[in-house]
Amino acid sequence: MGRVRHPLAALRIPLNARVDSVVASVNGESSPRYVESLAGGPDGAVRLRWYRPEASQELPAPSPTLVWAHGGGFFAGGIHQPEAHDVAAALADKGVTVVSVDYQLAPLPGLDWALRGGARPRARFPGPMEDLLTVLRNVGGKSAGGVILGGASAGACLAAAAALRSAEMGPNLTGVVLAYGFFHAVHPRSDEIRRRVGDHRRLTHSRWVLNAVNRNYAGSASALTDRFAFPGGHDLQGFPPTLMVNADRDAMRASGDQFAAELLAAGVEVERHVLPESRHAFLNRPRLTEFTTAIDLMASWCLSTP
C-alpha cells in the first residue's frame, strides 16, 4: 500500500516552500520563530519544522544544522512535544539551527488495525528511518556548515541507524547527538542499572516491554536483526563523531552504555555524559535542571564540531 500524503501536501505548494511561521515559547519566554516545510522523498512528503537563531546572534560561520528526531517508543510522540519543540527552540536560542522531523510512527503495539486510514500513516521499519534519510538529503544542500543528526530515546535509535546508513551510502554527516537512546534489538541486562532505577517505570520500562516495543517497530524477525533497524551489535566502522547524553537512573542506559563501548571499539570519537540522578526523558521536562544541562552540552558540542 502506498504512503498516504501528509495533509499539508494538499495545499499544492512546492515542496520545501514556507508553510507556516509562528512564535514558539519555551518556559513562557519568547523564542526563535519556526518555519514548517515539506521534504519530498520516494515515500512521500515529510513535514519539517525549522528553528533558526535570531539574526542578531554572533555565531561561528558556517555552523552545522542539527536534524532532530523525538522519542516515543517508535509509535508515539510528535514535533509538538517538549522533547521536539522545546529542545529545538532552546538550542536555537543557543545559536544552533535545528530541523525537527515529523517522521512516520509505527502502529500502536497490538493494534495494527488502528489508524491505518488516518492522515498520518503509520509505518514500521524502514519507513521512519527512511524519513530521516529524506530529510538529511534535503537539509544537506542548505547547510554550508554540514549536518549533525540526533534524537532522543527511540529517536536516538532512528538517528543512529540513519547515521550508519549514511556512513555507507551518504550523505556525509558532521556528527551525531544521542540522548538516552537504546540501540539493540534485545535490551542488554544490567543488574547495577536495574538497582539504580528501582521501581521507577518498573513495568513500562521492563526488558519484556522494551523488547516488545522493538519487535513492534521491526515487524519481522529478519528486520529485528537488520543493522539499519537496530545498529547495536553490528559493524560501526565509519560512524560519525558522537555526543551521548544519558540518564543515570534509566533502564535504557544499559543499551546506551553498551553502544558507546561498541562505538569506541570501532574507533569512533565519542564524548559521553551521564547526568547524575537523572531519569529517562528529561528532555521532555523543560523545567528540570537536567534539561538545561543537556541543552548546554548539545549546543556547545554542535557549535564546536568542525
Side-chain angles (χ1 to χ4, degrees), residues 2-22 24-26 31-52 65-92 96-108 114-140 142-143 147-163 177 179 181 217 281 283-284:
R3 176 176 173 180
V4 181
R5 299 175 68 203
H6 191 280
L8 287 175
L11 296 176
R12 296 185 179 180
I13 59 175
L15 292 180
N16 311 321
R18 175 171 172 163
V19 176
D20 189 24
S21 179
V22 302
S25 176
V26 178
S31 66
R33 303 171 72 84
Y34 67 73
V35 175
E36 290 192 355
S37 66
L38 300 175
D43 295 324
V46 183
R47 182 168 62 146
L48 316 178
R49 186 174 282 182
W50 292 75
Y51 295 76
R52 292 184 172 88
T65 297
L66 173 64
V67 173
W68 182 252
H70 64 81
F74 303 112
F75 66 89
I79 57 175
H80 302 291
Q81 73 184 81
E83 197 174 69
H85 170 69
D86 289 60
V87 166
L91 287 171
V96 180
T97 297
V98 181
V99 177
S100 185
V101 183
D102 191 21
Y103 60 84
Q104 297 176 97
L105 299 178
L108 301 174
L115 301 177
R116 282 184 176 177
R120 253 182 116 211
R122 290 178 176 264
R124 290 188 166 93
F125 172 79
M129 189 271 294
E130 293 285 357
D131 278 356
L132 292 189
L133 292 174
T134 291
V135 174
L136 291 178
R137 288 187 287 267
N138 176 273
V139 174
K142 303 175 182 178
S143 178
V147 177
I148 295 172
L149 179 58
S153 195
C157 182
L158 294 174
V177 175
Y217 165 61
L283 289 178
N284 242 347

A.B. asks: Roughly how far, to the nearest 0.5 Å, is CZ of R124 from CG of L105?
C.D. replies: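 CZ of R124 is found 12.5 Å from CG of L105.
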
A.B. asks: Give the minimum heavy-atom separation between M129 and A162, together with the two atoms involved.
C.D. replies: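 The pair with the smallest heavy-atom distance is CG-N, 3.9 Å.
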
A.B. asks: For A160, enumerate each residue passing the side chain to side chain contact (heavy atoms under 4.5 Å, CB included) test, keeping only those at least two apart in sequence or located in another chain.
C.D. replies: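 Residues passing side chain to side chain contact (heavy atoms under 4.5 Å, CB included) with A160: L178, F183, P231, F239, F259.
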
A.B. asks: Quick one, S100 and H85 - any side-chain contact, counting heavy atoms below 4.5 Å?
C.D. replies: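 No, too far: nothing below the 4.5 Å cut-off.
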
A.B. asks: Checking side-chain contact (heavy atoms from CB on, under 4.5 Å) between I148 and each of V177, V67, T97, which is the one that passes?
C.D. replies: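 Filter result, single survivor: V177.
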
A.B. asks: Mind checking side chain to side chain contact (heavy atoms under 4.5 Å, CB included) for A179 and listing every partner two or more places apart, or none if nothing turns up?
C.D. replies: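 Residues passing side chain to side chain contact (heavy atoms under 4.5 Å, CB included) with A179: W68, A152, L283.
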
A.B. asks: Check for a donor-acceptor pair, side chain of Y103 on one end and backbone N or O of H70 on the other, with a separation under 3.5 Å.
C.D. replies: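 Yes; at least one donor-acceptor contact below 3.5 Å.
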
A.B. asks: Please list every donor-acceptor pair under 3.5 Å in which a side-chain atom of residues 73-80 meets a protein atom from a residue at least two apart or in another chain.
C.D. replies:
{"residue": "H80", "atom": "ND1", "partner": "R49", "partner atom": "NH2", "Å": "3.4"}

A.B. asks: Measure the spacing between OG of S37 and CG of N138 and express it to the nearest 0.5 Å.
C.D. replies: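 Rounded to the nearest 0.5 Å, the OG-CG separation comes to 6.5 Å.
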
A.B. asks: Using every non-hydrogen atom in the two residues, find where G150 and L66 come nearest and quote the distance to one decimal.
C.D. replies: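 Heavy-atom minimum between the residues: N-CD1, 3.8 Å.
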
A.B. asks: So which heavy atom on G72 is nearest to which on A154, and how close?
C.D. replies: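 Nearest pair, atom of G72 first, then A154: N-CB, 4.2 Å.
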
A.B. asks: Quick one: list whatever passes side chain to side chain donor-acceptor pair (under 3.5 Å) with S143, sequence neighbours left out.
C.D. replies: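 S143 satisfies side chain to side chain donor-acceptor pair (under 3.5 Å) with T65 only.
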
A.B. asks: Go through it in stages, so that I can follow the logic: the residues are L158 and Y217, the test is side chain to side chain contact (heavy atoms under 4.5 Å, CB included), and I'd like the CA-CA distance, side-chain angles, deciding distance and then a yes or no.
C.D. replies: CA-CA 11 Å; L158 294 174; Y217 165 61; 3.3 Å; yes

A.B. asks: Could you pull out the closest heavy-atom pair between G151 and A159, with the gap in Å?
C.D. replies: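 Shortest heavy-atom contact: N-CB, 4.0 Å.
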
A.B. asks: Got V87 and L91 here, is their nearest side-chain heavy-atom distance under 4.5 Å?
C.D. replies: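 V87 vs L91: side chains touch.
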
A.B. asks: Please find the pair of heavy atoms, one from A88 and one from V98, that lie closest to each other, and give the distance.
C.D. replies: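 Reported closest heavy-atom pair: CB-CG1, 3.6 Å.
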
